[in-house]
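Below is one structure; the comments refer to it alone.
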Amino acid sequence: MKAVILQHVPFEGPGCIADWLAARGADSRTVRLFAGDALPAPDDFDLLVALGGPMSVNDEWFHDWLADEKRLIAEAVARGRAVLGICLGAQLIASALGARVGPNEHAEIGWFDIMAEPSGGGFAFPPRTTVLHWHGETFDLPPGATLLASSEACRHQAFRIGERVVGLQFHLETTADSLAGLVEACGDELVPERFVQDETRILEALPQHMAANHRLMTTLLDHITKGLA
């Protein structure tokens with residue numbers, strides 16, 4: 001299996017996804033868009049993972065690679081590739097397929113529950129799972145998408161399109177190192193609000209939830225790549 005990871009900032013890496021790829025002997029590479037790396041061709045991968053980042057999908061005026069990235073994602077979906085989007089990555093999938101992305105009513109930063117929605121078969125989340133959120137924007141569901149999960153602060157938390165495309169507004173991939181980097185880089189966003197936790201609470205909750213989140217990520221990746229070489 002050939003995998004490409006689209007990384008938007010140095011401090012948001014693949015986390016446990018890298019372990020999953022290594023365990024399966026995948027031929028993987030990371031495209032560091034922030035460093036000017038060239039995007040791959042749609043035929044260069046079986047699995048495309050778009051990671052998070054603090055920018056908006058609507059910031060094409062500032063990040064000129066966003067438009068090309070969205071075209072690549074749309075082409076990958078059209079060709080039946082496995083595609084996973086995380087936070088910004090999920091918003092990129094939605095935008096690439098014509099859905100609106102914009103501010104959510106609430107910023108959502110910290111460990112909050114998501115609740116599963118009826119999925120009608122295929123991959124489904126457990127009824128309730130505590131996951132890490134770090135976002136201020138949300139997305140409309142793209143055409144043909146099935147809503148998989150919601151939270152109190154944000155209705156659209158996860159969706160799938162068919163069996164190979166999934167967008168997650170939250171971070172199942174988080175490790176101690178990646179969370180420390182995120183807090184260091186974006187700690188100024190931890191302004192007290194209803195759905196924004198403080199730094200101490202965010203960091204101290206990781207050991208309680210990380211193993212379960214990583215198992216869920218493994219299940220999800222196994223599902224969308226089933227049958228791939």
Side-chain angles (χ1 to χ4, degrees), residues 1-35 37-53 69 72-90 92-93 96 114 116 119 121-126 129 131-132 145-146 148-149 157-182 206-207 209-229:
M1 177 172 58
K2 294 182 178 181
V4 168
I5 298 171
L6 303 177
Q7 185 174 359
H8 305 101
V9 286
F11 55 87
E12 291 204 47
C16 75
I17 297 171
D19 298 330
W20 181 89
L21 289 167
R24 282 148 187 81
D27 176 7
S28 64
R29 67 184 180 98
T30 298
V31 175
R32 302 171 306 152
L33 293 163
F34 61 90
D37 291 354
L39 286 165
D43 291 332
D44 289 347
F45 56 84
D46 307 297
L47 168 65
L48 183 68
V49 179
L51 299 175
E69 183 181 13
L72 173 65
I73 290 170
E75 183 68 17
V77 173
R79 294 190 181 205
R81 304 289 187 263
V83 181
L84 173 63
I86 297 170
C87 201
L88 173 67
L92 284 164
I93 295 173
I114 57 166
S119 63
F123 177 82
F125 284 96
T129 308
V131 298
L132 178 70
T146 298
L148 296 178
Q157 284 287 350
F159 65 86
R160 67 172 173 86
I161 300 173
E163 298 302 328
R164 294 223 185 269
V165 179
V166 171
L168 307 177
Q169 183 64 83
F170 45 88
H171 296 269
L172 296 177
E173 80 286 0
T174 305
T175 64
D177 287 343
S178 68
L179 182 55
L182 187 57
L206 177 64
H209 303 296
M210 185 172 69
N213 280 201
H214 288 185
R215 287 193 296 270
L216 189 53
M217 177 61 85
T218 292
T219 300
L220 171 57
L221 287 167
D222 284 345
H223 181 88
I224 67 172
T225 62
K226 185 177 181 181
L228 297 180

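Quick caveat: nothing in here was measured; it's all calculated off a predicted structure.
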What's the separation between atom [atom1] in [X] and atom [atom2] in [Y], rounded to the nearest 0.5 Å?
| X | Y | atom1 | atom2 | result |
| --- | --- | --- | --- | --- |
| Glu173 | Cys16 | CD | SG | 6.5 Å |
| Leu88 | Leu51 | CG | CG | 9.0 Å |
| Ile114 | Gln169 | CD1 | CD | 11.0 Å |
| Ile73 | Leu92 | CD1 | CG | 4.5 Å |
| Leu47 | Leu228 | CG | CG | 7.5 Å |
| Thr175 | Leu206 | OG1 | CG | 7.5 Å |

**Item:** SB check Arg81 Asp43 (cutoff 4.0 Å)
**Value:**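 Looking at Asp43 together with Arg81, the answer is yes, because their closest N to O distance falls below 4.0 Å.
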**Prompt:** Are any of the side-chain nitrogens in Lys2 or Asp27 under 4.0 Å away from the carboxylate oxygens of its partner?
**Reply:**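 Salt bridge absent between Lys2 and Asp27.
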**Prompt:** Could you walk me through whether Arg29 and Val4 pass the side-chain contact (heavy atoms from CB on, under 4.5 Å) check?
**Reply:** CA-CA 5 Å; Arg29 67 184 180 98; Val4 168; 4.3 Å; yes
**Request:** Could you tell me whether a side-chain N or O of His223 sits under 3.5 Å from a main-chain N or O of Arg164, the two making a donor and an acceptor?
**Result:**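 Checking the backbone N and O of Arg164 against the side chain of His223, no donor-acceptor pair under 3.5 Å is found.
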**Prompt:** Hey, does the side chain of Asp37 reach the backbone of Val31 with a donor-acceptor pair shorter than 3.5 angstrom?
**Reply:**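 Answer holds: no.
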Close side-chain approach of [X] to [Y], heavy-atom, < 4.5 Å:
| X | Y | value |
| --- | --- | --- |
| Met1 | Thr225 | yes |
| Leu6 | Leu33 | yes |
| Leu168 | Phe159 | no |
| Pro42 | Leu72 | yes |
| Ile5 | Leu21 | yes |

Nearest atoms (heavy-atom pairs only) where [X] meets [Y]:
| X | Y | value |
| --- | --- | --- |
| Cys87 | Gly52 | CB-CA, 4.3 Å |
| Gly53 | Val9 | CA-CG2, 4.2 Å |
| Phe11 | Gly181 | CB-O, 3.9 Å |
| Ala74 | Ala96 | CB-O, 3.8 Å |
| Leu172 | His214 | O-CD2, 3.3 Å |
| Gln7 | Phe34 | O-CD2, 3.6 Å |

**Prompt:** Testing Thr218, Leu216, Ile224 for side-chain contact (heavy atoms from CB on, under 4.5 Å) with Leu220, which one passes?
**Reply:**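 Testing Leu220 for a side-chain contact (heavy atoms from CB on, under 4.5 Å) against Thr218, Leu216, Ile224 leaves exactly one candidate, Ile224.
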**Prompt:** If we ignore angles and hydrogens, is there a donor and acceptor under 3.5 Å between the side chains of His8 and Glu69?
**Reply:**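 Looking only at side-chain atoms, Glu69 and His8 do form a donor-acceptor pair, the distance falling under 3.5 Å.
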**Prompt:** Can you list every side-chain hydrogen bond (donor to acceptor under 3.5 Å, both in side chains) pair that touches residues 11-22, not counting sequence neighbours?
**Reply:**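 Listed by first then second residue: Trp20-Asp222.
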**Request:** List the steps and the verdict of side-chain contact (heavy atoms from CB on, under 4.5 Å) for Val83 and Val166.
**Result:** CA-CA 6 Å; Val83 181; Val166 171; over 6 Å; no
**Prompt:** Taking the inter-plane angle between the rings of Phe125 and Phe170 on a 0 to 90° scale, is it parallel (under 30°), tilted (30 to 60°) or perpendicular (over 60°)?
**Reply:**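 Phe125 vs Phe170 ring planes: perpendicular.
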**Request:** Evaluate the criterion side-chain contact (heavy atoms from CB on, under 4.5 Å) for residue pair Asn213 and His171; output intermediate values, then yes/no.
**Result:** CA-CA 8 Å; Asn213 280 201; His171 296 269; over 6 Å; no
**Message:** Applying side-chain contact (heavy atoms from CB on, under 4.5 Å) to Thr219 and Arg215, what does each step give before you reach the verdict?
**Reply:** CA-CA 6 Å; Thr219 300; Arg215 287 193 296 270; 5.5 Å; no
